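Treat the numbers as computed from the prediction; the structure is a model and nothing was measured.
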Amino acid sequence: TVVPTATSTPTSTNTPVPIATATSTLPPPPTIPPLSFVVNSTLDPGATTCTVTACTLRAAISAANAHLGTDLITFNIPGGGAQTIAPASPLPPVTDPVTIDGTTEPGFAGIPLIELNGLGAGAGVDGLTITAGSSIVKGLIINRFGGSGVVLSTNGGNALIGNAIGTNAAGAALGNGGDGVRIGGSPNNTVGGSSPNTIAYNGGSGVQVIAGTGNKITRNSIYANTAEGVTLTSGGNSSLAAPMLSAAGTDGVSTSVQGVLSTGAPAGQMYTIELFDNVVCGPPAGFGQGRTLIGTATVTTVAGGNANINLYTNAAYAFAGTAGHFVTATATDALGNTSRFSACFTGTTALDSDGDVCLDSKELGPDPRLGGDRDPLKAWDFFDVPVPVLTAGNPAGTRNKVVNISDVIAIVNYVGTFAGGSPNLNGVSYSSDLNGNGVANGQEYDRSPSTTPGKPWRSGPPSGADNISD
């Protein structure tokens with residue numbers, strides 16, 4: 001019997017076949033174009049909708065809030081020129097980004113024409129409240145509200161440009177009951193800039209920053225507010241320290257200011273210093289506000305966190321050319337945090353810190369022949385000798401405040417050559433004090449060579465001998 005041999009049947013192996021899947025790319029969401037709402041009526045409340053024939057500010061804000069995206073509110077009130085809108089109740093807060101541009105009113109020529117008069121809006125009512133962020137308010141007059149003129153809260157990135165807050169167009173005192181601007185927890189806002197605001201006569205601070213950081217307050221005219229010009233509370237603007245001024249003076253042509261900024265920051269941190277002239281100090285007493293911008297300076301911290309302030313400007317208006325005005329300053333860091341105003345410092349008409357008969361304003365100037373590019377705290381770096389030259393018969397002499405060849409001749413002929421040496425041919429020794437100022441002539445006009453390449457006028461301290469190197 002034949003037994004069949006078992007054979008194996010091959011087993012097929014199935015290789016998975018990829019299943020094609022459709023990949024869909026969703027189109028980006030459509031860009032919502034901005035809308036423009038033209039305010040053409042001063043009525044309030046007026047119509048509740050904004051139309052071509054009738055659009056109030058209240059209706060324009062409400063319409064912009066209802067439309068997603070950044071919109072524009074402009075003005076074209078019949079008759080042009082100055083127009084007053086008197087809200088009868090609180091205006092709606094701005095809850096969606098918008099630009100409110102008062103400069104669009106016909107007739108605008110740099111001075112705001114659109115006035116928001118809050119006298120009838122209600123007790124404690126704020127003028128404009130913005131929670132949306134990324135909004136701009138420019139060219140408005142905001143006065144007589146019971147609360148603050150402008151409130152920025154929640155979202156940041158707003159800008160206030162070229163407004164008058166607490167005055168009218170002529171600068172009259174019509175302050176709001178609270179702060180001029182109150183920033184409550186809102187970050188990275190800008191108050192001022194190339195078109196600064198006037199913020200004055202308000203019942204609180206000019207600008208109060210509560211908790212928010214990165215709020216830049218720059219180039220504004222802030223004065224006569226009941227509280228400080230800038231108040232930082234609850235860590236607002238990281239509680240950045242204000243500068244401390246130590247000297248300020250003008251000769252009616254140029255101005256110099258010195259001081260220090262103590263931040264505790266690492267070396268190499270840059271700050272912008274803004275200096276202001278004020279006709280009064282405060283309120284509050286001892287602390288300044290900032291009515292007229294004198295100038296700006298950039299300073300950098302060294303080890304220990306301090307930065308020296310030395311500002312020179314050719315601005316003749318500073319201090320009105322008279323003593324008794326008050327100088328103040330603010331500091332702004334690289335993150336946009338602006339400090340409060342410094343304590344007041346009384347300006348003088350002619351500041352000469354080192355007593356070398358060269359005003360600080362000149363020593364901080366650019367022209368070396370007139371004493372510029374020098375240190376106003378080092379008496380040896382200006383080499384002007386009294387002309388006619390020092391003689392016993394002319395002890396006071398006359399300085400011409402210019403360094404030239406006559407100064408070299410004076411030294412050669414009338415000052416001893418080295419300490420302890422014999423008198424020269426004119427009978428004058430290094431230790432003589434012909435001008436009677438209590439400083440030996442040799443010491444007074446002795447220098448050491450400059451250590452700054454290319455700047456020989458930056459001489460060093462006395463070397464012990466008057467010679468050609470001086």
Between [X] and [Y], which heavy-atom pair has the shortest distance, and what is it?
X	Y	result
Phe75	Pro106	O-CD, 3.8 Å
Pro112	Ala169	O-CB, 3.9 Å
Ala64	Ile73	CB-CD1, 4.4 Å
Leu245	Leu275	CD2-CD2, 4.0 Å
Ser246	Phe345	O-CZ, 2.9 Å
Ile273	Leu261	CD1-CD2, 4.1 Å

Is a donor from one side chain sitting under 3.5 angstrom from an acceptor on the other, for [X] and [Y]?
X	Y	answer
Thr49	Thr51	no
Asn76	Asn40	no
Glu274	Thr332	no
Ser339	Thr330	no

About how many Å separate [atom2] of [Y] and [atom1] of [X], when rounded to the nearest 0.5 Å?
X	Y	atom1	atom2	answer
Ile114	Lys138	CD1	NZ	14.0 Å
Ile210	Leu152	CD1	CG	11.0 Å
Asn189	Asn158	CG	CG	4.5 Å
Met270	Asp333	CE	CG	12.0 Å
Leu160	Ser195	CG	OG	12.5 Å
Leu119	Leu174	CG	CG	9.5 Å

Flag, side chain of [X] to backbone of [Y], donor-acceptor distance under 3.5 Å:
X	Y	result
Asn197	Gly162	yes
Ser41	Ala54	no
Ser262	Asn306	no
Asn215	Val191	no
Asn202	Gly178	no
Asp277	Val327	no
Thr263	Gly305	yes
Asn163	Gly139	yes
Asn176	Ile142	yes

Just wondering, do [Y] and [X] contact through their side chains at under 4.5 Å, heavy atoms?
X	Y	answer
Thr74	Ser36	yes
Ile161	Ile136	yes
Asn143	Tyr201	no
Leu116	Leu57	yes
Asn278	Cys344	no

Q) How would you list all residue pairs meeting side chain to side chain donor-acceptor pair (under 3.5 Å) that involve residues 92-103, not counting sequence neighbours? A) Asn65-Thr95, Asp101-Thr103
(Q) For a side chain to side chain contact (heavy atoms under 4.5 Å, CB included) check, start with the C-alpha distance between Cys55 and Val38, then their side-chain angles and the critical distance, and finish with the verdict. (A) CA-CA 7 Å; Cys55 183; Val38 182; 6.0 Å; no
Which atom pairs, one a donor and one an acceptor, fall under 3.5 Å between side chains of residues 77-92 and the rest of the protein, sequence neighbours left out?
unit_1, atom_1, unit_2, atom_2, d
Gln83, NE2, Gly80, O, 2.9
Thr84, OG1, Glu115, OE1, 2.8
Ser89, OG, Arg58, NH2, 3.2

Q) Only one of Thr301, Thr300, Ile309 clears side-chain contact (heavy atoms from CB on, under 4.5 Å) with Tyr271; which? A) Thr301
Q: Have a look at Gln208 and tell me which of Asn225, Thr231, Asp179 forms a side chain to side chain donor-acceptor pair (under 3.5 Å) with it.
A: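 The side chain to side chain donor-acceptor pair (under 3.5 Å) with Gln208 is passed solely by Asp179 among Asn225, Thr231, Asp179.
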**Q.** Ile217 and Val209: CA distance, side-chain angles, deciding distance, side chain to side chain contact (heavy atoms under 4.5 Å, CB included) verdict
**A.** CA-CA 10 Å; Ile217 306 162; Val209 181; 4.1 Å; yes
**Q.** Centroid-centroid distance, Phe276 to Tyr223, less than 6.0 Å
**A.**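 No: the rings miss the under 6.0 Å criterion.
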Q: Evaluate the side chain to side chain contact (heavy atoms under 4.5 Å, CB included) criterion for residues Ile199 and Gln289: first the C-alpha distance (whole Å), next the side-chain angles of each, then the deciding distance (0.1 Å), finally the verdict.
A: CA-CA 10 Å; Ile199 305 174; Gln289 301 196 27; over 6 Å; no
Let me have the donor-acceptor pairs involving side chains of residues 121-135, under 3.5 Å, with sequence neighbours excluded, atom names and distances please.
unit_1, atom_1, unit_2, atom_2, d
Asp126, OD1, Ser148, N, 2.7
Thr131, OG1, Val94, O, 3.3
Ser135, OG, Val98, N, 3.1
Ser135, OG, Val98, O, 3.4
Ser135, OG, Gly133, O, 3.1

